Protein chains: 2
Amino acid sequence: MSKLKPVLTKKQKKILAFIAKFSEDNGYPPTFKEIADKFLLTIGTIQDHIAALSKKGFLEKRAEKARGFIVVKNSDGGPLVSKSDVNMIPLYGNVAAGEPIFASDNIQGYITMEKSARGHNLHFALKVKGESMTDSGIYDGDIVIVRKQDAADDGDVVIALLDDEATVKTLRNSKIKAYLEASNSRYKSIINKPFKIIGKVIELRREYYPA
Amino acid sequence: MSKLKPVLTKKQKKILAFIAKFSEDNGYPPTFKEIADKFLLTIGTIQDHIAALSKKGFLEKRAEKARGFIVVKNSDGGPLVSKSDVNMIPLYGNVAAGEPIFASDNIQGYITMEKSARGHNLHFALKVKGESMTDSGIYDGDIVIVRKQDAADDGDVVIALLDDEATVKTLRNSKIKAYLEASNSRYKSIINKPFKIIGKVIELRREYYPA
DNA sequence: AATTATGCCATATTCACTTATGGTAAAATA
DNA sequence: TATTTTACCATAAGTGAATATGGCATAATT
C-alpha cells in the first residue's frame, strides 16, 4: 500500500548512477575528484552529495579510504547484481561418441547461474539434442544445468554416459535394476545397457528466438 | 590441442584470489598495503607481485590510481562474472483478476538474466500457472522471462491480459482475426474475447527441486 | 655457468585522496 | 516566517597510497 522510500533528488540520482556506472566500467569506484570533474563541480560539493546519499542509505562510505564507497541500492530502488550471487559455468555442446565430454574444446560458451547458497559444487550446462524427453518438457535445443554427481534418486532427470555418449534421461531405480527412461513414447527406454551417471539436472532453460 | 597458458605460481594465485575476493566483498579493490598486511609481507614485495600478475595478463593496472587495478582473468583461466553482463529483473507471481500485475506487492523476488546486448528494454519474469501450455513444453511452475511489448508475431508465445488476468498463450495472427491458442488440447483457445498483449516470452526456466 | 624469474626486504619521495572548515544562496518544509 | 535541506564555492591540512631505488637470496631456465 504505502511505502516510504527515501527520495533522491535528480542531482543525487545522477551522481549515484554515475558512481554505479563508473564502478562497473572500471572495476573500482571513482574518487571525489573524478565525480567532481564529471559534473563540473568541486570536491566540497561532492562531499555533501556523498554524505546525503549515504545518509539516505544508497551508499556506504568507508572512512578515510580512497574510493571507499559502494552503491548499496539502485536509484530506482531495485536490488543490485552482486557478483558474488552469480556464477559462470561452461556450456558444453553435444559430443560424438568416444570424445571426452569435458574437453575444453567442447565448451560452447559460458552462461550465468544463480549461485546456489550452499554447496558450490561443480556445475555445468549442456545443450540437449534429440526428442527423447519431450514428454517431460525437455526439447531439442534446450539447455540443462547439471550438478555433477554419480548417483541420483528415482525420477531424477540425469545426464548419463552411455556408449561414451552423454544423454538426458529420467533415472528409474526399480528394485530389480536401475534403468534410464525416455519420456517420449516413440523412444525406447534403456534397460539392458550399462551406463554411468555423471550429473543431475537442476534447471532447464529455453531461449525463444529471435530475441 | 595445445594451449599455452601463462602459469601462475602458488603465491601469485593466492594473491590474485585475494584481490578478487576482496573486491567482491568490499566493492573496491585492495591497496598494496592491504594486500601486504594480509600476507605479512611488505609493500615492495607486493609491487613485484602486482607487476608479475599484470605482465602475465591476469591483472590490469591503472597507474597512479588508488586501488587502481582489476582482475581480468580468473586464476584457473575461466571468465569472470562482470556485473555489466547480468541484470536483475523482478519475478511476478500470479495475480487474481482485477489486481494490477505489476504492483510491487506482487514481486516475488528477483532473478538474474543475461543482459541482452542491445535493447535493454524492460524485462520481467512471471511464474506460470496452469496446464494450458504443456504441449509447448511450458509447465505449471515454470518461469518465463518476458520482454514488454504490445504486439507480437504469429506463433510467438506471449503474455496476454484477458479479463484482467495475465495468461501465457501462443499468439495466432490469422488473416481474419488474432486469437490466443492453448497448446494443450484439453484447453480451449481463446478466440472471441478481447485481449491485450503485454509482452513476449523470450526465455523459459524450470527449476528441479530438491536442488 | 650464466641468466632470468621469483620472492623477499627497507627507505624515501611524490602525488592522490579524503577530511575539515567556513562560507553563500535558493528552494523546500515546518 | 523560521528552519531545514539542497546545492554550490574555496582553501588548507593531513593522511592514504602508489612509485622509485637498491639490495639480497633462491629456484628455474638457457
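If you're wondering where the values come from, they're calculated on a predicted model, not measured in any experiment. Residue numbers begin at 1 in each chain, while the letters A, B, ... track the order of the sequences. These numbers come from the heavy atoms of this one structure, side chains and all, not from hydrogens, waters or symmetry mates.
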Check: protein-nucleotides 24-30 of chain C nitrogen or oxygen pairs below 3.5 Å:
none

Next on the checklist: Just to be sure I understand the rule, does B/K55 reach a base, reach only the sugar-phosphate, or reach nothing, if contact means heavy atoms closer than 4.0 Å?
Outcome noted: nothing
Next on the checklist: I need the CZ-C1' distance between A/F69 and C/dT19, as an integer number of Å.
Outcome noted: 14 Å
Next on the checklist: Output one letter per nucleotide in nucleotides 7-17 of chain C: B when a protein non-hydrogen atom lies under 4.0 Å from the base, S when only the sugar-phosphate is that close, - when neither is.
Outcome noted: SBBB-----SS
Checklist entry - Are A/E207 and A/R205 ion-paired here, with the side-chain N under 4.0 Å from a carboxylate O? => result no
Name every donor-acceptor pair, under 3.5 Å, that has one atom in a side chain of residues 38-45 of chain B and the other anywhere in the protein, sequence neighbours excluded.
| unit_1 | atom_1 | unit_2 | atom_2 | d |
| --- | --- | --- | --- | --- |
| B/T42 | OG1 | B/T45 | OG1 | 3.2 |

Distance-only donor-acceptor pairs under 3.5 Å for side chains of residues 138-145 of chain A, two or more places apart:
| unit_1 | atom_1 | unit_2 | atom_2 | d |
| --- | --- | --- | --- | --- |
| A/Y139 | OH | B/D135 | O | 3.1 |
| A/Y139 | OH | B/G137 | N | 2.9 |
| A/D140 | OD1 | A/G130 | N | 2.7 |
| A/D142 | OD1 | A/R206 | NE | 3.0 |
| A/D142 | OD2 | A/Y139 | N | 2.8 |
| A/D142 | OD2 | A/R206 | NE | 3.3 |
| A/D142 | OD2 | A/R206 | NH2 | 3.0 |

Checklist entry - Side chains of B/E181 and B/S189: donor-acceptor distance under 3.5 Å anywhere? => result no
Can you list, pair by pair, the side-chain donor-acceptor contacts under 3.5 Å of residues 152-161 of chain B, counting residues two or more places apart and other chains?
| unit_1 | atom_1 | unit_2 | atom_2 | d |
| --- | --- | --- | --- | --- |
| B/D154 | OD1 | B/N173 | N | 2.9 |
| B/D154 | OD2 | B/R172 | NH1 | 3.2 |
| B/D156 | OD2 | B/D153 | N | 2.9 |

Next on the checklist: Using C1' atoms of five pairs at each end, report the bend of the helix from C/dT3-D/dA28 to C/dA30-D/dT1 rounded to 10 degrees.
Outcome noted: 40°
Checklist entry - Hey, is the main chain of A/A66 close enough, under 3.5 Å, to the side chain of B/R67 for a donor-acceptor pair? => result yes
Checklist entry - Quick one: side chain to side chain contact (heavy atoms under 4.5 Å, CB included) partners of B/Y187, sequence neighbours excluded? => result B/E131, B/S132, B/A182, B/N184
Checklist entry - What pairs with A/F32 under ring-ring contact (aromatic ring centres under 6.0 Å, His included), at least two apart in sequence or on another chain? => result A/F69
Item to check | Reported CG-to-NZ distance for the pair B/L8 and B/K14, which is rounded to 0.5 angstrom | outcome: 13.5 Å
Checklist entry - Taking only residues two or more places apart in sequence or in another chain, which ones pass salt bridge (charged side-chain N to carboxylate O under 4.0 Å, His left out) with A/K193? => result A/D163
Next on the checklist: Rounding to an integer number of Å, can you tell me how far A/D37 CG sits from C/dT18 P?
Outcome noted: 12 Å
Item to check | With A/E60 via side chain to side chain donor-acceptor pair (under 3.5 Å) - residues at least two apart | outcome: A/R62
Next on the checklist: Between A/E165 and A/K129, does any NZ, NE, NH1 or NH2 come within less than 4.0 Å of an OD or OE carboxylate oxygen?
Outcome noted: no
Look for any protein N or O under 3.5 Å of an N or O in nucleotides 24-30 of chain D and output each such pair with its distance, or none.
none

Checklist entry - In whole angstroms, how far is the P atom of D/dG16 from the CD1 atom of B/I35? => result 17 Å
Checklist entry - Taking atom C1' of C/dT6 as reference, at what distance in whole Å does atom CD1 of B/I50 sit? => result 15 Å
Next on the checklist: Counting the atoms with a prime plus P, OP1 and OP2 as sugar-phosphate, which does A/A63 contact under 4.0 Å by heavy atoms, base, sugar-phosphate, or nothing?
Outcome noted: sugar-phosphate
Item to check | Residues which pass ring-ring contact (aromatic ring centres under 6.0 Å, His included) with A/F195, listed by chain and number, not counting sequence neighbours | outcome: none
